[in-house]
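We're numbering straight along the sequence, starting at 1. This one's a predicted model, so the numbers in the text were calculated from it and none came from an experiment.
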Amino acid sequence: MIALRHPLLLLVAVPLLIWAWRVVYRWGIPSSRPSSALARLSSHWLPPVLALALGLAAAGPEWRRPVRGEAPVVDFAVVLDGSSSMKILDRPDEDRWHAARRTLAQFVQRRPDDRFALILFSAHPVTLSPLTADHTRLLRMLARLDLDSRDDGTAIGSALMTAVRRLEESPARSRVILLLTDGVQNRGRVTPQEAAEEAHRNGIRIHAVAMGAEGESLVPLEGGGFARLRVEVDHATLQQVAHLTGGESFSAEDPGGLARSLAAVDQLEKTLLPVDQPTEGEPLARWCLLAAALLALPLAADLAFKRGRPRPAWVEGP
């Protein structure tokens with residue numbers, strides 16, 4: 001079915017339609033009234049149809065189609081830490097960043113009927129993907145993700161608040177934020193507790209996974225070699241944030257622990273819920289704009305042909 005993302009903007013087309021219907025327009029500057037049926041129909045209908053196409057494009061038409069499955073069982077917003085400490089090696093052959101992306105990909109593959117949003121954060125959160133059931137695209141995005149330490153830091157509260165905004169309008173009965181971080185909040189104006197309270201008000205659970213062991217760890221250097229970096233994980237805050245929303249907190253000191261934590265989340269969110277059949281929309285605005293462009297071409301050509309010619313007397317008639 002066809003739906004409008006911004007139906008109120010369709011009102012923009014109303015005055016445009018009225019003007020287009022009432023404007024006096026005929027093809028060319030003939031010496032007598034157009035006599036053919038095509039000329040009469042086009043002179044009356046082409047401008048209003050062009051105005052209607054522009055109004056529809058502004059309203060954001062979409063073709064809504066059901067998503068496979070009878071859920072979503074759960075709508076997830078995955079909040080992934082992208083700070084420089086994620087380069088730390090918790091085992092010799094894999095750092096925290098690669099372990100997180102690998103286990104998240106496995107988690108997504110285990111839940112084919114759920115929708116996922118992806119938020120990456122360091123000093124600031126960035127929504128890489130809104131809620132989507134297109135797991136193939138999401139997995140490709142996870143595989144291509146890379147760390148960028150130019151704006152380093154850990155803004156857990158801001159990232160959680162962004163995830164709440166991604167989920168607050170979701171129609172799913174079960175909405176969950178999955179937070180993966182290895183640090184302590186040191187950036188951002190929103191505290192994790194404030195974000196958790198907002199999530200609780202919206203009926204959203206937070207499952208928090210604290211990655212890595214506290215103390216000194218090895219981090220690879222760009223020129224080669226390793227350095228020792230001391231990292232602290234704020235377990236108390238993560239536990240408080242999770243429990244405030246009815247979620248669970250986990251501690252993953254290595255990639256194996258991370259896999260076990262996500263497997264536990266997978267088991268916690270297995271309940272089938274009676275929800276409306278979800279749909280995804282394919283934007284149709286580009287087709288409306290293409291139709292408007294095609295309709296505007298003969299109008300533009302005809303107006304160019306008329307330029308400089310006197311207005312004939314018959315145009316003033318009814």
Close side-chain approach of [X] and [Y], heavy atoms under 4.5 Å:
X      : Y      : value
Phe121 : Val126 : no
Leu139 : Gln109 : yes
Arg187 : Thr154 : no
Leu160 : Ile206 : yes
Leu179 : Ile156 : yes
Leu131 : Asp75  : yes
Phe76  : Leu167 : no
Leu104 : Phe116 : no

Discussion item. Tell me if the NE2 atom of His135 is crowded by more than 12 foreign heavy atoms within 6.0 Å.
Written reply: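 Check passes, neighbour count above 12.
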Worksheet item: In terms of heavy-atom contacts, does CZ of Arg189 have more than 12 from other residues, nucleotides or ligands at under 6.0 Å?
Response: no
Is there a path of hydrophobic side-chain contacts, each under 4.5 Å between heavy atoms of I, L, V, M, F, W or Y residues, that connects [X] with [Y]?
X      : Y      : value
Ile204 : Leu238 : yes
Val209 : Leu145 : yes
Leu268 : Leu244 : no
Leu120 : Leu258 : yes
Met141 : Leu262 : yes

Discussion item. Test salt bridge (charged side-chain N to carboxylate O under 4.0 Å, His left out) on Arg137 and Asp134; report intermediate values, then the result.
Written reply: CA-CA 6 Å; Arg137 176 177 172 274; Asp134 187 349; 5.4 Å; no
Donor-acceptor pair, distance only, cut-off 3.5 Å: does the side chain of [X] make one with the backbone of [Y]?
X      : Y      : result
Arg175 : Asn202 : yes
Thr127 : Pro130 : no
Gln239 : Ala236 : no
Ser158 : Ala155 : no
His207 : Val265 : no

Can you give me the closest heavy-atom contact between [X] and [Y], atom names plus distance?
X      : Y      : answer
Gln185 : Val190 : NE2-O, 2.8 Å
Arg166 : Ala117 : CB-CB, 4.5 Å
Val164 : Ala195 : CG2-O, 4.1 Å
Ala159 : Ile119 : O-CG2, 4.4 Å
Pro283 : Glu62  : CA-CG, 4.2 Å
Ser261 : Ser251 : OG-O, 4.1 Å

Rounded to the nearest 0.5 Å, how far does [atom2] of [Y] lie from [atom1] of [X]?
X      : Y      : atom1 : atom2 : value
Ser85  : Met211 : OG    : CE    : 9.0 Å
Leu56  : Trp287 : CG    : CH2   : 15.5 Å
Glu198 : Gln193 : CD    : CD    : 14.5 Å
Asp95  : Ile88  : CG    : CD1   : 9.5 Å
His243 : His200 : NE2   : NE2   : 14.0 Å

Fill in: Verdict with reasoning, Phe107 to Leu178, per side-chain contact (heavy atoms from CB on, under 4.5 Å)
CA-CA 11 Å; Phe107 182 81; Leu178 178 57; 4.1 Å; yes
Discussion item. Taking side chain to side chain contact (heavy atoms under 4.5 Å, CB included) as the definition, give me every residue that meets it alongside Val184, ordered by chain and number, with sequence neighbours left out.
Written reply: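 Val184: side chain to side chain contact (heavy atoms under 4.5 Å, CB included) contacts with Glu232, Asp234.
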Worksheet entry | Partner residues of Asp182 under the salt bridge (charged side-chain N to carboxylate O under 4.0 Å, His left out) criterion, sequence neighbours left out |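 Partners of Asp182 by the salt bridge (charged side-chain N to carboxylate O under 4.0 Å, His left out) criterion, ordered by chain and then number, come out as Arg96.
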Fill in: Pairing residues for Arg101 by the salt bridge (charged side-chain N to carboxylate O under 4.0 Å, His left out) criterion, not counting sequence neighbours
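For Arg101, no residue satisfies salt bridge (charged side-chain N to carboxylate O under 4.0 Å, His left out) once neighbours in sequence are set aside.
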Discussion item. Apply side chain to side chain donor-acceptor pair (under 3.5 Å) to residues Thr132 and Arg115 and explain how you reach the verdict.
Written reply: CA-CA 5 Å; Thr132 181; Arg115 295 191 301 177; over 6 Å; no
Worksheet item: Does the side chain of Asp152 come under 3.5 Å of the side chain of Ser122 through a donor N or O and an acceptor N or O?
Response: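 No, no side-chain donor-acceptor contact under 3.5 Å.
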Worksheet item: Going through the distances and angles, do Glu248 and Arg205 end up as a salt bridge (charged side-chain N to carboxylate O under 4.0 Å, His left out)?
Response: CA-CA 9 Å; Glu248 296 288 339; Arg205 286 190 302 281; over 6 Å; no
Worksheet item: Got a salt bridge between Arg110 and Asp266, using NZ or NE/NH1/NH2 to carboxylate O under 4.0 Å?
Response: yes
Practice prompt. Go through the steps to decide whether Thr136 and Arg140 satisfy the test side-chain contact (heavy atoms from CB on, under 4.5 Å), and finish with yes or no.
Written response: CA-CA 6 Å; Thr136 301; Arg140 281 201 303 263; 3.3 Å; yes
